[in-house]
Amino acid sequence: MGLETAVSSQTPSLSKLKNLDDWFYQPEWVQIDPTPAADQDKHSYLIFADALGIGEALADKLEDASHEVVVVKTGAEFSQTTAKQFQIAPDKAENYSQLLNALPSPPDRILHLWTVNNGSADSLSAKDGQAVRAPNQTLGFYSLLYLAQALGAADTNNLQIRVFTNGTQQIQDERVSAPDKATLLGPVKVIPQEMPHIATQLIDMQLPVSPTNEPFITMLLAEIQADPSENITAYRQGKRWEQQFVPASLTPDATREPVVKAGHVYLITGGLGGIALVMAENLAQQAQVKLVLTSRSGLPDRAEWDTWLAQAGANNKTSRIIQKVRALEAAGAEVMIAKADSSDREQMAQLLQTVHQKWGAIHGVIHAAGVLNDGLIQLKTHDEAAQVLQPKVDGTLLLDELLADTPLDFFVLFSSTSSVLGPAGQVDYVAANAFLNAFAHSRNGRGLTPTIAINWGVWQKVGMAARAARGEFEEPSGALMAHPLLDRLVTDNADVIEYITDYRIADFWLLDQHRLKDDTALIPGTGYLEMAKAAVDKGKANGTVEIQNLIFMQPLDVQAEGTRRVKIRLERDGERYNFTVLSQSSLARNREEWTEHVQGNVTHST
């Protein structure tokens, strides 16, 4: 499908739509025939062939038409099995580079069919379905991630990648049987943003009884030889559909019974985040509800809140959250704060048991947990991507399983417009949110609680995207500290003590009182002495300390509207500690890159 753009002599300005009803859009499927390619040249195809035979059937047709074709199948290691066939291990990134280097000529067309299969996990529990889902991530999301990284390191030009799959989209009333495969949309959406010479397309197919029958293969061949569409494409019973977005009216139904009811219990994961707390406030305004707010970091014990506020100050991030929770309670809500990872089976099962014992059954869920860790595809590691996928993918599936026998008023998933826009640097985040969209269709198709995925845009003041725009980091894990210079104790053993604190001028008097003319703030020399003492005392006054061999290496500065993550590290050296202060900008491309500012030795005086 081609896009026509009207060019104006004046650049249009962006403005806020005044009518709230004009803010919302929803996907719609339209029947559109493929656009025949003007280019009728012969091409070099690289086909990642599925186990059902579709890829090999396409390879035969393309070879008959005099195209160059190489077929890749899954295996344990990289190997060349015939002149035009290879095997690679889908989970080994280096195999993809080995493959490209071994090809007789660089491909200009890639067909990826590794997730085309008959496996379905939508009717299985999160635990049992893992045997189906895990291979789909390896064969799908991670395979495309590694392929893109290999292509980025190679010399490629004007390349097209078509990704074929099944069970990820709902066109009419069919089941979305494999929402986990929807993570493919992460690479499909983001690769062209980061590598403009590569065009991508996702084609979701409804498989016939015989997937290699002649009409079906001929239909897919016509798609392959057309211009790739920027929209998600689907085939259902011989008809071709493309996803578009149309305005959606959200006019409230005045006759509808209120969904939020007094006395009902509502679980909000990621419940101490900015958007989640706004939702909690809205629920509390509608009725006297009971709220369970979870987060991986939690809050100090309630008995310590007053002490915390007095010591850390009102501008401290944890202090602000405490004040918001108290405001919820003042509005009439009962609030339970729980430290729990939404993707951790043991923690969530224990939490639900605790809630049931105290308040009874849960009536509604808002799944707002998530991690945003921007990074280019070329630099993204498996573990970094898994950290982003886990709360939204694994967390959603776990909640679905643990609450399978609980009748809910609603199950709301917080997705993002990034799943549609595919911004550069967010291949994993786009994938995770695309899963949420597909899962909502899948769960509704099972006749369960009304499930909705809301694709939020960037909020002005709260949320992960707003934090990223302000240059803030994801919240670190570790014990909270009630000291003005220390936020979290992330490592504490016999050999190493380590703290992580995000420094912002507005939150730290030490910075606010030491500004330069351009409003940049510097940590003064005496500030490092305070850091050393607080670190070895673990935030509590514990006598005098002796600091020796202090070396100032580089100033630690914080920009007026920026954030700097500071690491204070103590390494035991006999009776004393080697003391180091390091920092990292929130704008750093490599989050493993730290700048060293000060080092020395610190010990308690005898």
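Throughout, numbering of the chain's residues begins at 1 and tracks the sequence.
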Lys189 side-chain N/O to Leu421 backbone N/O, donor-acceptor pair under 3.5 Å: no
Heavy atoms from other residues, nucleotides or ligands near CD of Gln31 exceed 12 (cutoff 6.0 Å): yes
Residue of the set Val116, Thr115, Leu99, Val71 for which side-chain contact (heavy atoms from CB on, under 4.5 Å) holds with Phe48: Leu99
Short side-chain donor-acceptor distance under 3.5 Å, Gln98 and Asn101: no
Non-hydrogen side-chain atoms of Tyr146 and Asn95 separated by less than 4.5 Å: no
Plane angle bin for Trp456 and Phe414 - parallel if under 30°, tilted between 30 and 60°, otherwise perpendicular: perpendicular
Asn231 side chain to Glu242 side chain, donor-acceptor N/O pair below 3.5 angstrom: yes
side-chain contact (heavy atoms from CB on, under 4.5 Å) assessment of His367 paired with Asp400: CA-CA 11 Å; His367 185 39; Asp400 182 47; over 6 Å; no
Side chains of Val70 and Gln85 in contact at under 4.5 Å (non-hydrogen atoms): no
Short side-chain donor-acceptor distance under 3.5 Å, Asn437 and Ser415: yes
Under the side-chain hydrogen bond (donor to acceptor under 3.5 Å, both in side chains) test, residues paired with His441 that sit two or more places apart: Gln170
Given Tyr429, Phe141, Phe435, the one that forms side-chain contact (heavy atoms from CB on, under 4.5 Å) with Leu389: Phe141
Minimum-distance pair of heavy atoms, taken over all atoms of Thr138 and Pro90: CG2-CB, 3.9 Å
Heavy-atom closest contact (Gly422 atom, Val430 atom, distance): CA-CG2, 3.8 Å
Side-chain (Ser416) to main-chain (Asn455) donor-acceptor, under 3.5 angstrom: no
Short side-chain donor-acceptor distance under 3.5 Å, Lys181 and Asn166: yes
Flag side-chain contact, heavy atom, 4.5 Å: Phe216 against Met205: yes
Gln137 side, atom CD; Asp91 side, atom CG - distance, nearest 0.5 Å: 13.0 Å
Closest non-hydrogen atom pair, Lys239 against Trp241: O-CD1, 3.5 Å
Criterion side-chain contact (heavy atoms from CB on, under 4.5 Å) on Arg240 and Thr233, from CA distance to verdict: CA-CA 7 Å; Arg240 184 182 184 276; Thr233 305; 3.7 Å; yes
Ser143: side-chain contact (heavy atoms from CB on, under 4.5 Å) partners, not counting sequence neighbours: Tyr96, His112, Trp114
Closest contact, heavy atoms only, Ala432 versus Lys392: CB-CD, 3.7 Å
Arg488 side chain reached by Ser297 side chain, heavy atoms, under 4.5 Å: yes
Geometric class of the Phe86/Phe78 ring pair [parallel <30°, tilted 30-60°, perpendicular >60°]: parallel
Tyr235 OH to Glu223 CD distance, which is reported to the nearest 0.5 Å: 3.5 Å
Minimum heavy-atom distance between Gln426 and Ser418, given as atom pair plus value: OE1-CB, 3.6 Å
Listed partners of Glu174 passing salt bridge (charged side-chain N to carboxylate O under 4.0 Å, His left out), at least two apart: Arg236
Donor on one side chain, acceptor on other, His43 and Asp108, under 3.5 Å: yes
Heavy-atom side-chain contact between Met195 and Leu159 under 4.5 Å: no
Which atom of Pro228 lies closest to which atom of Ala199, heavy atoms considered: CG-CB, 4.1 Å
Step-by-step side-chain contact (heavy atoms from CB on, under 4.5 Å) determination, Leu413 to Thr451: CA-CA 8 Å; Leu413 306 171; Thr451 305; 4.2 Å; yes
Working for side-chain contact (heavy atoms from CB on, under 4.5 Å), residues Asn444 and Val176: CA-CA 9 Å; Asn444 286 329; Val176 175; over 6 Å; no
Any donor-acceptor N/O pair, Lys380 side chain to Gly425 backbone, under 3.5 Å: no
Side-chain H-bond candidate by donor/acceptor type, Asp204 with Thr168, under 3.5 Å: yes
Rounded distance [0.5 Å steps], CD1 in Ile232 versus CD1 in Ile171: 9.0 Å
By side-chain hydrogen bond (donor to acceptor under 3.5 Å, both in side chains) - contacts of Ser342 (at least two apart): none
Residues in salt bridge (charged side-chain N to carboxylate O under 4.0 Å, His left out) contact with Lys567, at least two apart in sequence or another chain: none
Non-hydrogen side-chain atoms of Asn136 and Asn117 separated by less than 4.5 Å: yes
Separation between CG of Leu147 and CG of Leu151, rounded to the nearest 0.5 Å: 4.5 Å
Any donor-acceptor pair under 3.5 Å from Gln378 side chain to Gln149 backbone: yes
Distance, nearest 0.5 Å, that separates CG of Leu376 from CD of Glu194: 5.0 Å
Rounded distance (nearest 0.5 Å) linking atom CE of Met348 with atom OG1 of Thr294: 5.5 Å
Minimum side-chain heavy-atom gap Leu399-Phe411 below 4.5 Å: yes
Validation row: Ile54, Leu207 side chains within 4.5 angstrom (heavy atoms): yes
Polar side chain donor-acceptor pair, Arg162 to Gln201, under 3.5 angstrom: yes
Pair listing, side-chain hydrogen bond (donor to acceptor under 3.5 Å, both in side chains) test, anchored in residues 68-78, at least two apart: Glu56-Lys73, Glu77-Lys92
Donor-acceptor pair, side chain of Asn433 and main chain of Ser419, under 3.5 angstrom: no
